[in-house]
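Everything below concerns the one structure shown next.
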Amino acid sequence: MKPLEEDFYTRNVLEVARELLGKYFVRKIGKKILIGKIVETEAYSSNDPASHSYRGRTPRNDVMFWKGGYLYVYFTYGMHFCANVVTGREGIGEAVLIRAVEPISGIDIMHYNRYGTKTKMNIKSLIELTNGPAKFCQAFKIGRKENGISLLRGKIFIVEGDKIPSKLIRKSNRIGIKEGTDKEYRFFINNNLWVSKK
DNA sequence: ACCATGATCCGCT
DNA sequence: GCGGATCATGGTT
């Protein structure tokens, strides 16, 4: 349970996006702990028309321009949050969107965070828990307050996880964007049930 | 006016 | 059970 260090994050966004697959996203809440295995990511680079950083630094996207190792959380569609891992050097403006995780620990809490109940869980609702970027944020209670926090020390961090054989890593175009659709900047674990879309 | 989304509804198989 | 359309809802430009 040792957080990944700064030199993991201060590299090229595409490398980080690919290598985040299989690692564990961890959030400590009091005595409880939430853990999700990262199964789907998207890279947003500088000079990338799909990236929030493309039109320059603003109050909203400022964290994206910090050096690697911070969490960039943004609010969208009037009701959802999405979480990104900032990468590269200070001033660049690139980050990796966490699109989906596989619940590993704290599933009852994730369910409560998503639905406000602790009902019995079947396989379908287990998948619905975290198979999308805003679902993941809701399950892990990530919102405005988490924007700009450091992943190097504190209660939210990422640790080494399952080594994913490169055969099982697939890449594709990114989802839900209108520009930069030519780039294959989405990475996911083949056949994992929590990946948001084939 | 636009959105890096998700839940629901509706018409099909 | 599905795939596609629609809408909810608010910050940003």
Side-chain angles (χ1 to χ4, degrees), chain A residues 9 12-14 16-18 20-21 25 36 38-66 68 70-88 92-103 110-117 119 121-149 151 158 170-189 191-198:
Chain A
Y9 298 103
N12 179 274
V13 66
L14 291 170
V16 178
R18 197 175 52 243
L20 276 173
L21 294 178
F25 189 100
I38 298 170
V39 301
E40 180 183 354
T41 62
E42 278 178 1
Y44 287 86
S45 63
S46 59
N47 267 35
D48 173 359
S51 172
H52 288 170
S53 61
Y54 186 64
R55 288 172 183 80
R57 209 161 167 161
T58 68
R60 182 207 196 194
N61 64 22
D62 193 66
V63 173
M64 227 181 141
F65 289 86
W66 297 4
Y70 290 92
L71 197 67
Y72 165 52
V73 181
Y74 67 87
F75 181 69
T76 189
Y77 292 106
M79 62 190 87
H80 299 303
F81 291 97
C82 294
N84 301 249
V85 170
V86 178
T87 69
I92 304 285
E94 51 183 36
V96 178
L97 173 68
I98 309 290
R99 281 199 59 89
V101 307
E102 173 180 337
M110 294 183 202
H111 191 276
Y112 188 81
N113 289 342
R114 290 266 292 129
Y115 305 111
T117 63
T119 54
M121 192 123 35
N122 55 33
I123 181 63
K124 177 138 173 73
S125 59
L126 191 55
I127 290 171
E128 285 291 317
L129 227 39
T130 53
N131 64 341
K135 296 178 187 178
F136 158 66
C137 278
Q138 194 179 12
F140 278 69
K141 243 183 163 48
I142 292 171
R144 273 178 239 287
K145 287 197 298 292
E146 285 69 34
N147 186 37
I149 62 151
L151 296 167
I158 299 171
R170 307 243 336 217
K171 104 185 138 162
S172 77
N173 302 317
R174 292 171 294 185
I175 291 177
I177 56 168
K178 293 224 174 75
E179 306 224 46
T181 50
D182 53 316
K183 298 180 168 68
E184 295 203 308
Y185 282 1
R186 173 174 176 251
F187 301 90
F188 58 98
I189 300 176
N191 287 331
N192 183 282
L193 292 174
W194 280 265
V195 170
S196 66
K197 188 172 168 249
K198 284 175 205 164

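Chain naming here is simple, since letters A, B, ... match the order of the sequence lines and numbering starts at 1 in each. Both backbone and side-chain heavy atoms feed into the values below; hydrogens, waters and symmetry mates do not. Being a predicted model, the structure only gives us computed values, none of them experimental.
Listed pair His52(A) / dA4(B) meets the phosphate criterion, a side-chain N or O lying under 4.0 Å from OP1 or OP2. Dashed line: the shortest gap from a side-chain N or O of Thr58(A) to OP1 or OP2 of dT13(C) is under 4.0 Å. For the pair Arg99(A) and dT5(B), the criterion of a side-chain N or O lying under 4.0 Å from OP1 or OP2 is met. In terms of phosphate contacts, Arg114(A) brings a side-chain nitrogen or oxygen within less than 4.0 Å of OP1 or OP2 of dA7(B). Note on Lys178(A): every side-chain N or O is 4.0 Å or more away from OP1 and OP2 of dC2(B).
Regarding His80(A), its NE2 atom lies at a distance of 13 Å from the P atom of dA8(C), rounded to whole Å. Taking atom CG on Asn84(A) and atom P on dA4(B), their separation rounds to 11 Å, with Å as the unit. Here dG11(C) presents its P atom at 17 Å from CG of Asn61(A), a figure rounded to the nearest Å. Atom pair Phe75(A):CZ and dG11(C):C1' shows a separation of 7 Å (rounding to whole Å applied). In this structure, OH of Tyr44(A) is placed 12 Å from C1' of dC3(B), rounded to the nearest angstrom. Between Lys197(A) atom NZ and dC2(C) atom C1' there is a gap of 15 Å when expressed in whole angstrom units. If you measure from atom CD of Glu128(A) to atom P of dT5(B), you get 15 Å, rounded to the nearest angstrom. For Glu184(A) and dA4(B), the CD to P distance is 20 Å, given to the nearest whole Å.
Remark: dG11(C) base-pairs with dC2(B); criterion is Watson-Crick or G-U wobble with both hydrogen-bond distances under 3.5 Å. If you check dC10(B) for Watson-Crick or wobble pairing at under 3.5 angstrom, you find it paired to dG3(C).
Annotation: of the two residues near DNA chain B, Gly176(A) and Tyr115(A), the 5′-most nearest-nucleotide partner is Gly176(A).
Taking the ring centre of Tyr72(A) as origin, the terminal cationic atom of Arg60(A) falls outside the region bounded by 6.0 Å and 45° from the ring axis. Taking the centre and axis of the six-membered ring of Phe75(A), the NZ or CZ atom of Arg144(A) falls inside the cone set by 45° and 6.0 Å. The cationic group of Arg186(A) lies under 6.0 Å from the six-membered ring centre of Phe188(A) and within 45° of the ring axis, placing it in a cation-pi geometry.
Separation of atoms OH (Tyr70(A)) and CG (Asp62(A)) is listed at 11.5 Å; rounding is to 0.5 Å. The structure places OG of Ser51(A) at 10.0 Å from CD1 of Ile177(A), a figure rounded to the nearest 0.5 Å.
Residue-level contact check: Ala134(A) touches the backbone only, with heavy atoms under 4.0 Å from sugar-phosphate atoms and none from bases. Nucleic acid contact class of Arg174(A) (heavy atoms, under 4.0 Å, all strands): none.
Comparing dT5(B), dG11(C), dA8(C) by their closest approach to the side chain of Cys82(A) singles out dT5(B). Of the candidates dC3(B), dT9(C), dG11(C), the closest approach to any side-chain atom of Thr76(A) belongs to dC3(B).
Within 3.5 Å, no donor on the side chain of Tyr77(A) pairs with an acceptor on the base of dA8(C), nor the reverse.
Using a 4.0 Å cut-off between charged nitrogen and carboxylate oxygen, Arg174(A) and Asp48(A) count as a salt-bridge pair.
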